[in-house]
There are 2 protein chains.
Amino acid sequence: MATIEEVARAAGVSTATVSRALRQQPGVSERTRQRVRTVAEEMNYSISRSASGLATGRTRRVGVLVPFVSRWFFGQVLAGAEEVLRSAGYDLMLYVVGDEEGRERFFRELPLRRSVDAVLVLTLSLSTEESDRLRELDVPLGFVGGRMDGFNSVWIDDHGGGMLAVRHLLNQGHTDIAMIHGGAPDALNLPAPHERCTAFRDAMAEHEIPVRESWLGTGDFSVSGGRRAMNRILADELRPTAVFAMSDEMAFGAMHALRNHKIHVPGEIAIVGFDGHEMSECSGLSTVVQPVRQEGGTAAKLLLEQLEQGSTETRDVVLPTELVVRSSTTGDDSM
Amino acid sequence: MATIEEVARAAGVSTATVSRALRQQPGVSERTRQRVRTVAEEMNYSISRSASGLATGRTRRVGVLVPFVSRWFFGQVLAGAEEVLRSAGYDLMLYVVGDEEGRERFFRELPLRRSVDAVLVLTLSLSTEESDRLRELDVPLGFVGGRMDGFNSVWIDDHGGGMLAVRHLLNQGHTDIAMIHGGAPDALNLPAPHERCTAFRDAMAEHEIPVRESWLGTGDFSVSGGRRAMNRILADELRPTAVFAMSDEMAFGAMHALRNHKIHVPGEIAIVGFDGHEMSECSGLSTVVQPVRQEGGTAAKLLLEQLEQGSTETRDVVLPTELVVRSSTTGDDSM
DNA sequence: TTGAAAGCGCTAACAC
DNA sequence: GTGTTAGCGCTTTCAA
């Protein structure tokens, strides 16, 4: 593999000129730049990131932390971030810190120390120690899924979204509404789920409808958890006429449970989810759609801006949600 | 951030000794090693990968190519690979090469050139030019989803798995069987889908049952595609009594279509999928389960072995599949 | 068992 | 506009 020196020799210039020419830096005549570029291409030259990184102190790499990759939501956010980073010429180093063990090790060793220019945390709730540890890295930080001090933060209005969903049910005349939440404290310990819970209670309070505690179920943010939660709610002596699930996946699980019980949706029980999962359309699930890819993309952009400007100022962006009404809460094309 | 030299000075030894001590290399007394390690830890030292990479030519990074991240299957394979790589101390650089444009650019620029020790390609069909380009990198290569020359390859017996599925339907007495495949040529252009198609025809031939072409649908490997395919099949003048979907996601879509048509599963139409998607259990979908995470993990392990041994010999591993029978093909707990 | 020193391939300051 | 050169922070011979 050709080095910059070989290119320089072949082009009859110095390595400094090659470096300048290839990086579009000023101070090189157009003629020389062209020649260098041609020679470099012919020799199939590619820069050594290690050498360049060592010389400049910048790696052109961004570390991205996610709790999972195999769930639709995280995959989407990640995809959004990846696209932005890649087209800006940054590489993405992926760290999956789902399990406690890997997570502990990650924050202890910080494998990305000295090898990334910035860090992006995707919907992963950080303890104070963990976020401090990241701040110690002294690189721009980004966060998706809530507000974080010292991080460029991107989130959605979870409370507002939740209100949208619950009010929709209330407007349909429902008063007996159950809720399937993520867990207590939810598995991810993020502000988002909590906000959605609060929204439920607030919307109910708005209409002065008391919340029935036995209609609150824990769905663990998974399909099967949603199904179990629904079954538990159905075991109560009273049956709700509507359900607000805090994620679409839990809503899918709940719908399966209802189907097994031969309970008609929305006739007997209406259901609304949250996320805008790709399967929600097919399933006819009404849901609060959030711009998932965009959340990752925006966070990445904020990070890049900070990187370019070398500023330490972080920014916050709140992205919009939208209620999409489908057959699970209205109409009767049965589910 | 402390450098090796500062650590050396603080420990009263040379940088060479620090380097040896920290990398568990021989030729350092246990006493010195301990001291160095303590000092390094106290100073919160962490190696500069750039410098180390420049000196050794090895980066301890593996590039991973995927077509998508937001689909369950790819996420799982990726997660399996990530886990193995991380616990071996390798970082994972993620490249999503889904769209044509990004893909073209990726193979033209090869951003991972000189910055990874190995490359892992996850279920991404490569053209001859593309795989040649990767081989030029002259690093160990891995492939999941089929056999590839020059790549450590991991795949499943797609033909056998397909036979499992179709024979299961045949054994239930079905003769009028439809198939929903990925596309023609399928979107990913991988051997796997093709094998499953062939299996369908072979199993049918085994029982001397002719294949009805209007019962073959293209589902694009997506839920909505599966639904469309099912609708198209239902538009035929004859109606099948069973469906083999080449992926669980397409099967889910087909089940939705059937439900909308108020067609009972499995009473009127039975359905079997392929993958072992996490939602298949909840949906009561019979399916051919493949060990998804393990496919990624195994490929990563093969890569690491090659890396450690410095050998050029690649290996092939075929992983097993298993038919899991649920209510979509048997029993009557309605879907 | 340890240290001195020569690179690894690039960038950036400075000189021309 | 271009070249010279001193690092960047490691690893690895070679010598002691």
Side-chain angles (χ1 to χ4, degrees), chain A residues 1-37 39-40 43-61 89 91 111-117 138-139 310, chain B residues 1-37 39-40 43-61 89 91 111-117 138-139 310:
Chain A
M1 253 170 229
T3 70
I4 200 174
E5 200 175 326
E6 298 171 311
V7 174
R9 210 167 12 230
V13 295
S14 71
T15 60
T17 299
V18 174
S19 175
R20 283 190 284 250
L22 261 25
R23 285 181 306 147
Q24 327 272 35
Q25 285 208 343
V28 185
S29 74
E30 205 38 54
R31 218 174 141 286
T32 313
R33 192 187 299 279
Q34 271 312 332
R35 183 155 38 92
V36 168
R37 232 182 292 188
V39 171
M43 302 181 68
N44 198 16
Y45 168 77
S46 79
I47 194 175
S48 156
R49 296 258 187 158
S50 295
S52 166
L54 182 56
T56 58
R58 305 177 86 258
T59 62
R60 293 202 76 81
R61 257 174 251 132
D91 279 331
L112 39 60
R113 241 188 327 180
R114 306 251 236 144
S115 56
V116 295
D117 293 342
D138 203 32
V139 296
Chain B
M1 250 168 232
T3 70
I4 200 174
E5 198 174 327
E6 297 172 312
V7 174
R9 214 171 7 237
V13 294
S14 71
T15 59
T17 300
V18 173
S19 175
R20 284 189 283 249
L22 260 25
R23 284 179 309 144
Q24 326 273 34
Q25 286 209 342
V28 185
S29 75
E30 205 38 55
R31 217 174 141 286
T32 311
R33 191 186 301 277
Q34 270 313 330
R35 183 153 38 91
V36 169
R37 232 181 295 189
V39 171
M43 301 181 69
N44 199 16
Y45 168 76
S46 79
I47 194 176
S48 155
R49 297 256 188 160
S50 295
S52 166
L54 181 56
T56 58
R58 309 179 82 255
T59 61
R60 293 202 76 81
R61 257 175 250 130
D91 281 330
L112 41 56
R113 238 182 337 172
R114 307 251 238 145
S115 57
V116 296
D117 293 341
D138 203 32
V139 297

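Chain naming here is simple, since letters A, B, ... match the order of the sequence lines and numbering starts at 1 in each.
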Between [atom2] of [N] and [atom1] of [X], the distance in whole Å:
X	N	atom1	atom2	value
B:Glu5	C:dG3	CD	P	13 Å
A:Arg9	C:dG9	CZ	P	12 Å
B:Glu6	D:dC10	CD	C1'	13 Å
A:Met43	C:dG9	CE	C1'	14 Å
A:Arg60	C:dC10	CZ	P	16 Å
A:Arg58	C:dG9	CZ	P	23 Å
A:Gln34	D:dT2	CD	P	13 Å

* Set of side-chain contact (heavy atoms from CB on, under 4.5 Å) partners for B:Ser19, sequence neighbours left out ->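 Partners of B:Ser19 under the side-chain contact (heavy atoms from CB on, under 4.5 Å) test: B:Ile4, B:Arg23.
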Measure the spacing between [atom1] of [X] and [atom2] of [Y] and express it to the nearest 0.5 Å.
X	Y	atom1	atom2	value
B:Arg60	A:Ser115	CZ	OG	12.5 Å
B:Asp91	A:Leu112	CG	CG	7.5 Å
B:Gln24	B:Arg33	CD	CZ	6.0 Å
A:Thr17	A:Gln25	OG1	CD	11.0 Å
B:Arg58	A:Ser50	CZ	OG	12.0 Å
B:Thr56	B:Arg49	OG1	CZ	10.5 Å

Can you name the atoms? Protein N/O to nucleotides 4-8 of chain D N/O, anything below 3.5 Å, with the distance.
unit_1	atom_1	unit_2	atom_2	d
D:dC8	O2	A:Ala55	N	3.4

* NA contact type, B:Thr32, heavy-atom cut-off 4.0 Å: base, sugar-phosphate, or nothing? ->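 Contact class for B:Thr32: sugar-phosphate only.
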* To do: Assign A:Arg114 to base, sugar-phosphate, or nothing according to its heavy-atom contacts below 4.0 angstrom with the strands shown.
  =>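 Sugar-phosphate, backbone atoms only, no base.
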* In residues 21-29 of chain B, which residues come under 4.0 Å of DNA chain C by heavy atom? -> B:Gly27, B:Val28, B:Ser29
* Asked: Which residue, B:Val13, B:Val39, B:Thr15, forms the side chain to side chain contact (heavy atoms under 4.5 Å, CB included) with B:Val7?
  -> B:Val39
* Using the closest heavy atom to pick a nucleotide of DNA chain C for each, name whichever of A:Ile4 or B:Gly12 lands nearer the 5' end. =>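 Closer to the 5' end of DNA chain C: B:Gly12.
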* Asked: Within a radius of less than 6.0 Å around CD of B:Gln34, do more than 12 heavy atoms belonging to other residues, nucleotides or ligands occur?
  ->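 Correct, the count exceeds 12.
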